[in-house]
Amino acid sequence: MNGYWLVTIKCKDRTKLLFDTVCTLADMDYDVFHATIDSIKGAAMQEYYIRPRLGKPELDELKAAKLAAMMESSIQRRFPRGLKVHVHSVDRFGCLAALTDVLKQGGLAVTRAKVKTFAVNQSSGHTFYVMDATGAPPDKDKVEEACKQIGGHLVEVGEEARSASSGQHRFSFSFLNRQWHKGWNGDSSSPSSSHGSV
């Protein structure tokens, strides 16, 4: 279709994928004139014929590159990257700050965190997504060593609360399985990632 930009998305299907991609286009001031949406065996395929709401419809390489980056970000928004670490402790002042500080000292970065405190049993449960300095998931041993430096105790998934309540350690932590892999090639049997083009 002449006079339109074609945006093609192929990725593992998930809930709210259409919402995230369409909202990103709207937020960036692109109007959708035609679209095809499909999902086959867990793989999503989306095509959008769009035009900039303002300005000329001719392809602008810089704007196209920005749009591609934003679309990829919207696809991966609900699949944060990194090693997923769950921490549980009796709610103590300074524990969370000490943990993020020791991770930073070890060259690790927290890309996303979910922080919860429970008034009923005065405990806290946090989930961190940790990356190394290169932007890749770090080695588990490095994260384990950092946690143990400040009194953490590694336990099996699901045992964090029980171990923390014993009071023998400052906090308990576990590594949760992730399904995100950068090398997903569009096969619905593979773990989730994304590919987008403009």
Side-chain angles (χ1 to χ4, degrees), residues 1-86 100 103-104 107-116 126-140 142-143 175-198:
M1 298 177 69
N2 294 329
Y4 297 92
W5 295 15
L6 173 60
V7 178
T8 304
I9 297 171
K10 296 179 182 178
C11 65
K12 186 173 182 180
D13 202 4
R14 62 166 174 81
T15 57
K16 298 188 178 180
L17 176 63
L18 180 62
F19 174 85
D20 289 337
T21 54
V22 171
C23 283
T24 299
L25 291 170
D27 290 344
M28 296 185 70
D29 291 327
Y30 290 99
D31 292 324
V32 178
F33 286 83
H34 178 73
T36 59
I37 311 295
D38 206 352
S39 179
I40 301 175
K41 296 181 179 179
M45 285 147 293
Q46 301 180 359
E47 283 189 348
Y48 298 100
Y49 289 88
I50 65 171
R51 281 182 179 173
R53 191 167 301 156
L54 303 173
K56 298 180 180 179
E58 286 78 13
L59 183 64
D60 182 311
E61 296 294 340
L62 290 177
K63 289 183 178 180
K66 180 179 180 181
L67 176 59
M70 293 300 292
M71 293 303 291
E72 183 172 352
S73 177
S74 73
I75 294 166
Q76 296 177 356
R77 182 174 299 149
R78 300 178 197 276
F79 290 97
R81 303 182 185 186
L83 178 64
K84 190 174 181 180
V85 185
H86 184 67
T100 54
L103 290 173
K104 181 180 179 181
L108 303 169
V110 176
T111 60
R112 181 176 293 191
K114 298 178 182 178
V115 179
K116 293 182 179 180
H126 314 307
T127 302
F128 297 96
Y129 297 86
V130 182
M131 303 280 276
D132 64 16
T134 67
D139 184 69
K140 284 185 178 181
K142 189 172 184 179
V143 179
F175 298 111
L176 304 180
N177 292 329
R178 298 296 316 286
Q179 295 183 345
W180 182 88
H181 287 277
K182 190 173 183 179
W184 186 68
N185 59 8
D187 180 357
S188 61
S189 64
S190 301
S192 61
S193 183
S194 65
H195 169 72
S197 61
V198 177

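All of these numbers come straight from a predicted model, not from anything done at the bench. Hydrogens, waters and symmetry mates play no part in the numbers below; they use all other heavy atoms, side chains included.
With sequence neighbours excluded, no residue forms a side-chain hydrogen bond (donor to acceptor under 3.5 Å, both in side chains) with S73. For P52, the side chain to side chain contact (heavy atoms under 4.5 Å, CB included) partners are W5, Y30, not counting sequence neighbours. In terms of the side-chain hydrogen bond (donor to acceptor under 3.5 Å, both in side chains) criterion, residue partners of S39 (sequence neighbours excluded) are, by chain and number, D13. Every residue two or more places apart in sequence or in another chain that forms a side-chain hydrogen bond (donor to acceptor under 3.5 Å, both in side chains) with D132 is listed here: T134. R53 pairs by the salt bridge (Lys or Arg N to Asp or Glu O under 4.0 Å) definition with D29, D31, not counting sequence neighbours. Remark: L18 pairs with T21, V22, I37, Q46, Y48 by the side chain to side chain contact (heavy atoms under 4.5 Å, CB included) rule, at least two apart or across chains.
Within 6.0 Å of atom CE in M70, 12 or fewer heavy atoms from other residues, nucleotides or ligands are found, so the atom counts as exposed in its surroundings.
Counting heavy atoms from C-beta outward, Y4 and I50 have side chains that stay 4.5 Å or more apart.
Nearest approach of I75 to R14, heavy atoms of both residues: O-NH2, 3.0 Å. Across every non-hydrogen atom of P138 and V130, the tightest pair is CD-O, 3.0 Å.
Between Y49 and H34, the angle of the ring planes lies from 30° to 60°, which puts this pair in the tilted group.
Side-chain N or O atoms of T24 include none that pairs as donor or acceptor with a backbone N or O of M71 at under 3.5 Å.
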